[in-house]
Amino acid sequence: MAQMPVSMMPVPIRNKIIGIGSYLPERILGNEELAKMVETSDEWIKERTGISQRHIAADGQKTSDLGYRAALAALDDAGIGADELDLIVLATSTPDLTFPSTATIIQERLGMNRGAAFDVQAVCSGFLYGINVIDAMMRVGNAKRALLIGAETFSRILDWEDRSTCVLFGDGAGAIVLEAAENTDEDAPGVMDSYIRSDGRYRDMLYVDGGPSATQTVGHLRMQGNAVFKHAVTEIANVMRDCAARSGVDIQDIDWFVPHQANQRILNAVAKKLKIAPESVISTVAQHANTSAASVPLAMHAAIEDGRIKRGDLVMLEAFGGGFTWGAALLRY
Ligand code: UT7
């Protein structure tokens, strides 16, 4: 068989995180204050979830406002301007409007008049879906620099009279800038692999009971918490194992785990299942609660800022959410 000349062989691309940023709304809603709104207690919330407080967007503060602030911080950290981006992907389930995409609203505010911007909707797994899509697009040369944002205002879709859900979520945004580089070195920084999954049979366990086509309303979040919990632990552990195995990496050799921040008990159960040291699992669930697609970049930024995650470290991200959707990504920071 004729061999392809080396000059024509596809060059391996590694997409490196060159900047990260996040934004949390000013208003903090603590458990004690929540206990005045619904029949719950600080003790119950902390014991069952690990959550102490959550941030709530101000009246009129939209998902695009949060995402824009996180994007500016990530671009500043990367030291590039928005005009140097080819692509913006926003992971959200709480868009400003039914359309246009909130990504295009942020694109306009950033003054980026080139490339493309679009939203991905995979609920709490949105950031992992975003990494998967961007990494694939960049590997085939469709973009050289991309901005991935996870931004949510879940406070707007909560039923504030339902104690089984309203205590669990918060608002926030996180963003990363990725840059493609030709690289043949296995240890080069960048996304090594990402793996996404979904199973629509479980839709009714976690959903919003409204939408433009079905009800012409926005709706409220509904969840069978206990069932979601069990599926989350099983599938997160599975996808992390699969993602590591595909890269030929031993789970024990990973330096840091940045999970979706839904419940401290889920984090603990997955760590136990995979025999991971609890100290290597980044947790911001106490301060941020569940910020859906924003939770992974928010947690990752916190651990980079406080000096735990350093350049060269092997990091695994993971998430699980409505759909069900789930996924994991392995990267060298
Ligand atoms: O981000 C997407 C993924 N989402 C998740 O991963 C969330 C997964 N689920 C969970 O985190 C947990 O299932 C919850 C935190 C939602 C609930 O914890 P649980 O240990 O599964 O409790 P439960 O649903 O079995 O409820 C236990 C009891 C119930 O009372 P009874 O029936 O035993 O009398 C609930 O009514 O706790 C009651 N309860 C509450 N009590 C005080 C539920 N919510 C509250 C509350 N305060 N806020």
Side-chain angles (χ1 to χ4, degrees), residues 4-21 71 74-82 84-91 114-118 120 125-150 174-196 239-259 280 282 296-297 299-301 303-304 308-319 327-333:
M4 193 188 285
V6 172
S7 60
M8 285 179 65
M9 280 187 185
V11 184
I13 300 279
R14 268 270 160 103
N15 300 310
K16 179 185 172 184
I17 297 178
I18 59 164
I20 185 162
L75 287 167
D76 184 53
D77 189 41
I80 67 162
E84 293 174 78
L85 294 170
D86 310 302
L87 178 65
I88 298 177
V89 176
L90 170 71
R114 54 198 292 273
F118 60 89
V120 293
S125 313
F127 199 77
L128 274 299
Y129 272 59
I131 288 182
N132 190 277
V133 168
I134 287 181
D135 192 45
M137 287 181 71
M138 289 172 81
R139 278 178 197 261
V140 296
N142 276 341
K144 176 117 177 77
R145 290 197 192 90
L147 173 68
L148 172 60
I149 310 165
I176 56 173
V177 180
L178 290 151
E179 184 174 64
E182 292 178 1
N183 219 313
T184 47
D185 178 2
E186 279 293 299
D187 290 328
V191 179
M192 295 159 67
D193 193 18
S194 65
Y195 192 29
I196 53 170
V239 80
M240 285 168 71
R241 266 196 214 104
D242 291 347
C243 187
R246 286 202 328 185
S247 297
V249 166
D250 194 327
I251 288 266
Q252 317 304 326
D253 292 336
I254 296 171
D255 298 302
W256 299 105
F257 297 87
V258 186
S280 64
I282 308 298
V296 168
M300 187 167 174
H301 190 208
I304 289 171
R308 276 178 292 172
I309 299 180
K310 296 181 193 64
R311 285 287 174 199
D313 285 353
L314 202 51
V315 181
M316 179 167 269
L317 318 179
E318 53 89 343
L330 184 66
L331 59 94
R332 194 168 289 284
Y333 179 59

Quick one: list whatever passes salt bridge (charged side-chain N to carboxylate O under 4.0 Å, His left out) with R241, sequence neighbours left out.
none

Identify the two heavy atoms, one from A175 and one from P297, that lie closest to each other, and give their separation to 0.1 Å.
N-CB, 4.0 Å

Is a side-chain donor or acceptor of R14 paired with a backbone partner of N183 at a separation under 3.5 angstrom?
no

Enter the distance from I251:CD1 to C243:SG here, rounded to the nearest 0.5 Å.
8.5 Å

Report yes if the side chains of H301 and D77 come closer than 4.5 Å at any heavy-atom pair, otherwise no.
no

Does the side chain of V258 come within less than 4.5 Å of I309's, by heavy atoms?
yes

Any side-chain heavy-atom pair from E84 and V177 closer than 4.5 angstrom?
no

Sidechain-backbone polar pair: W256 side chain, D313 backbone, donor-acceptor under 3.5 Å:
no

First locate atom CE of M300, then atom CD1 of I282, and finally report the distance between them rounded to the nearest 0.5 Å.
9.5 Å

Across all chains, not counting sequence neighbours, the salt bridge (charged side-chain N to carboxylate O under 4.0 Å, His left out) partners of D185 are none

If you apply the rule side-chain contact (heavy atoms from CB on, under 4.5 Å), what do you find for I134 with L87, and how did you get there?
CA-CA 8 Å; I134 287 181; L87 178 65; 4.0 Å; yes

For residues I17 and L178, determine if any side-chain heavy atom of one lies less than 4.5 Å from a side-chain heavy atom of the other.
yes

When rounded to the nearest 0.5 Å, the distance separating CE of M240 from CZ of F257 is 5.0 Å

Smallest separation among heavy atoms of L147 and A74, with atom names
CD1-CB, 4.4 Å

By the salt bridge (Lys or Arg N to Asp or Glu O under 4.0 Å) test, which pairs, at least two apart or in different chains, include something from residues 131-140?
D135-R139

Quick one: list whatever passes side-chain hydrogen bond (donor to acceptor under 3.5 Å, both in side chains) with D242, sequence neighbours left out.
none

Looking only at non-hydrogen atoms, find the nearest pair between A71 and I149 and report the distance.
CB-CD1, 4.0 Å

Sorted by chain and residue number, the salt bridge (charged side-chain N to carboxylate O under 4.0 Å, His left out) partners of D86 (sequence neighbours excluded) come out as R114

Close side-chain approach of V89 to F118, heavy-atom, < 4.5 Å:
yes

Nearest heavy atoms of M138 and A146, plus distance in Å:
SD-CB, 3.9 Å

Can you check whether L75 reaches L85 side chain to side chain, under 4.5 Å on heavy atoms?
yes

Does a sphere of radius 6.0 Å around CD in Q252 hold more than 12 heavy atoms from other residues, nucleotides or ligands, not counting ones at 6.0 Å or beyond?
yes

From K144 atom NZ to I13 atom CD1, the distance as rounded to the nearest 0.5 Å:
7.5 Å

Interatomic distance, S194 atom OG to E318 atom CD [nearest 0.5 angstrom]:
14.0 Å

Are K16 and E179 close enough for a salt bridge, meaning some N to O gap below 4.0 Å?
no

Pairwise distance CZ(R308) to OG(S280) - rounded to 0.5 angstrom:
10.5 Å

Once side chain to side chain contact (heavy atoms under 4.5 Å, CB included) is applied, do any residues pair with L314, and if so which ones, sequence neighbours excluded?
M192, V249, I254, D255, L330, R332

Any side-chain heavy-atom pair of I176 and F127 under 4.5 Å
yes

